[in-house]
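To start, the structure itself, in structure tokens.
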Amino acid sequence: QVRLVESGGGSVQAGGSLRLACAASEYISRTHCMGWFRQTPGKEREGVAAISLGGSRTYSADSVKGRFTISQDNAKNTVFLQMNSLKPEDTAMYFCARSTFPSCVGWPRDSNFGYWGQGTQVTVSS
């Protein structure tokens, strides 16, 4: 069973940048979708960005378009989320996930994602 470990979270001032990484314990197949989600207490988990087809197809939520970029390093079985121009409303626990079924079908809903990391906290202060 694949294991996912996130890193790179932290505290930053508004306008700053962070780069999250998600290391998978096995090769990330072209058929699978890797996604980043975030959640704050009392709110539903929100899809932030996703990547599939070996990194050739990406998706992002409207709230982060133009600020966040998802990418993949197949050689290192790692997916990244570059977050620029951070805002206080980006504060959340960020989770990496891998799809159960091929492609990013269903994204930004999380129903297709059966493998999850433990999460990394991102805090943006104003």
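Here the side chain of R67 pairs a donor or acceptor atom with the backbone of S85 at under 3.5 angstrom. Side-chain N or O atoms of E6 include none that pairs as donor or acceptor with a backbone N or O of C22 at under 3.5 Å. Between the side chain of T120 and the backbone N or O of G9, at least one donor-acceptor pair lies under 3.5 Å. Not one N or O on the side chain of D73 forms a donor-acceptor pair closer than 3.5 Å with the backbone of T78.
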(message) Apply side chain to side chain contact (heavy atoms under 4.5 Å, CB included) to residues V48 and L81 and explain how you reach the verdict.
(response) CA-CA 9 Å; V48 176; L81 184 68; 4.2 Å; yes

(request) Report the C-alpha separation of T40 and M93 in whole Å, then their side-chain angles, then the decisive distance to 0.1 Å, and conclude whether the side chain to side chain contact (heavy atoms under 4.5 Å, CB included) test is met. (result) CA-CA 6 Å; T40 54; M93 184 70 79; over 6 Å; no

(message) Let's go through E26 and R98 carefully: what are the C-alpha distance in whole Å and the side-chain angles of both, what is the deciding distance for side chain to side chain contact (heavy atoms under 4.5 Å, CB included) to 0.1 Å, and is it a yes or a no?
(response) CA-CA 11 Å; E26 62 185 46; R98 200 207 78 177; 3.5 Å; yes

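Put simply, the side chain of W36 reaches to within 4.5 Å of the side chain of I70, judged on heavy atoms. Between F68 and S60 the shortest side-chain heavy-atom distance does not fall below 4.5 Å. At least one side-chain heavy atom of L20 sits under 4.5 Å from a side-chain heavy atom of V122. Side-chain contact between F101 and C33 is absent, with no heavy atoms from C-beta onward closer than 4.5 Å. The side-chain heavy atoms of L4 and M34, taken from C-beta on, include a pair separated by under 4.5 Å. Counting only heavy atoms from C-beta outward, the side chains of M83 and T69 never approach each other to under 4.5 Å. The closest side-chain heavy-atom distance from I51 to V79 is below 4.5 Å.
Seen from the ring of Y94, R38 does not count as a face-on cation partner, given the 6.0 Å and 45° thresholds. Both tests pass for R45 against the ring of W116: distance under 6.0 Å to the centre and angle within 45° of the axis.
The environment of NZ in K43 is sparse: at most 12 heavy-atom neighbours from other residues, nucleotides or ligands sit within 6.0 Å. Surrounding CD of Q13 are at most 12 heavy atoms belonging to other residues, nucleotides or ligands under 6.0 Å away.
The pair E46-R109 does not count as a salt bridge, with every side-chain nitrogen at least 4.0 angstrom from each carboxylate oxygen. Contact check on D90 versus K87 returns no salt bridge, with no Lys/Arg side-chain nitrogen under 4.0 Å from an Asp/Glu carboxylate oxygen.
Summarising the geometry of S103 relative to S99, their closest heavy-atom pair is O-OG, 3.7 Å, with the distance given to 0.1 Å. Scanning all heavy atoms of the two residues, the minimum distance from F95 to G117 falls at CD2-O, 3.7 Å. For the pair N84 and S17, the tightest heavy-atom approach, listed with the atom from each and the gap, is OD1-OG, 2.9 Å.
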